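Structure, as structure tokens:
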Amino acid sequence: MNTLAPRQKLIALGIATGLLTLGAAAASGSFTSAARIVLGTGAIAGLVAWAIRQKGLALPSRFARTPRLQVVQKIGLSPRTGVALIEVDGRSFLIVHGDGAPRIRRVSSRAAVMAQALKEESS
């Protein structure tokens, strides 16, 4: 399926607006009235599109929004220390936090998959 680029969409919209203006001018007899009709139609269409987006009725976008940071699993080692496995932009990190400064280590994807499977089993 071939989709149009944003630039191509803007060019098509410009051409359509120009044709609409010429058609309205021919029907009404003056370019001023035609421009008012086109601007009014565009304003109403913009308000309708805005209202639909505000109500959440817009069509779903192609790109699903994924969280940039996700806590996969947390385990408390003692009342003051713990370990957390997190994912940031698809990369996994193991964070040990407690009294001192937290220590952060990069984790291989295999370990992250195993931790996710353990989490799903315990749920």
Side-chain angles (χ1 to χ4, degrees):
M1 183 171 137
N2 189 9
T3 59
L4 295 176
R7 182 177 181 176
Q8 292 170 332
K9 290 178 184 178
L10 283 174
I11 291 171
L13 181 65
I15 292 171
T17 304
L19 291 175
L20 180 64
T21 304
L22 288 175
S28 67
S30 74
F31 281 107
T32 306
S33 297
R36 287 180 182 156
I37 291 170
V38 171
L39 286 174
T41 305
I44 290 171
L47 285 174
V48 168
W50 177 79
I52 289 173
R53 282 185 172 249
Q54 291 299 318
K55 290 193 176 219
L57 301 175
L59 296 174
S61 67
R62 269 189 287 181
F63 305 104
R65 294 182 185 225
T66 57
R68 293 192 65 198
L69 179 115
Q70 179 180 7
V71 178
V72 177
Q73 189 172 12
K74 291 192 303 186
I75 298 174
L77 300 175
S78 71
R80 298 185 72 154
T81 60
V83 176
L85 177 65
I86 66 167
E87 285 187 0
V88 180
D89 291 333
R91 295 177 299 181
S92 300
F93 296 94
L94 187 66
I95 299 177
V96 179
H97 56 90
D99 291 335
R103 292 184 210 125
I104 301 172
R105 300 277 185 246
R106 180 110 193 246
V107 181
S108 69
S109 61
R110 181 174 180 210
V113 169
M114 290 174 59
Q116 183 69 30
L118 288 173
K119 181 182 176 186
E120 290 174 358
E121 286 178 7
S122 65
S123 298

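None of these values were measured; they are calculated from a predicted model.
In terms of heavy atoms, H97 sits closest to V83 at NE2-N, 4.1 Å.
Separation of atoms CD1 (I95) and CZ (R103) is listed at 12.5 Å; rounding is to 0.5 Å. With rounding to the nearest 0.5 angstrom, the CZ atom of R105 is 14.5 Å from the CG atom of L85. Put simply, OG1 on T3 and CD on Q8 are 8.5 Å apart, with the number rounded to the nearest 0.5 Å.
Screening L94, V71, I104 for a side-chain contact (heavy atoms from CB on, under 4.5 Å) involving I86 leaves a single residue, V71. Checking each of L13, T17, I11 against I15 for a side-chain contact (heavy atoms from CB on, under 4.5 Å) leaves exactly one that passes, namely I11.
Following chains of ILVMFWY side-chain contacts shorter than 4.5 Å, one can reach V72 starting from L77, so the two form part of one hydrophobic cluster.
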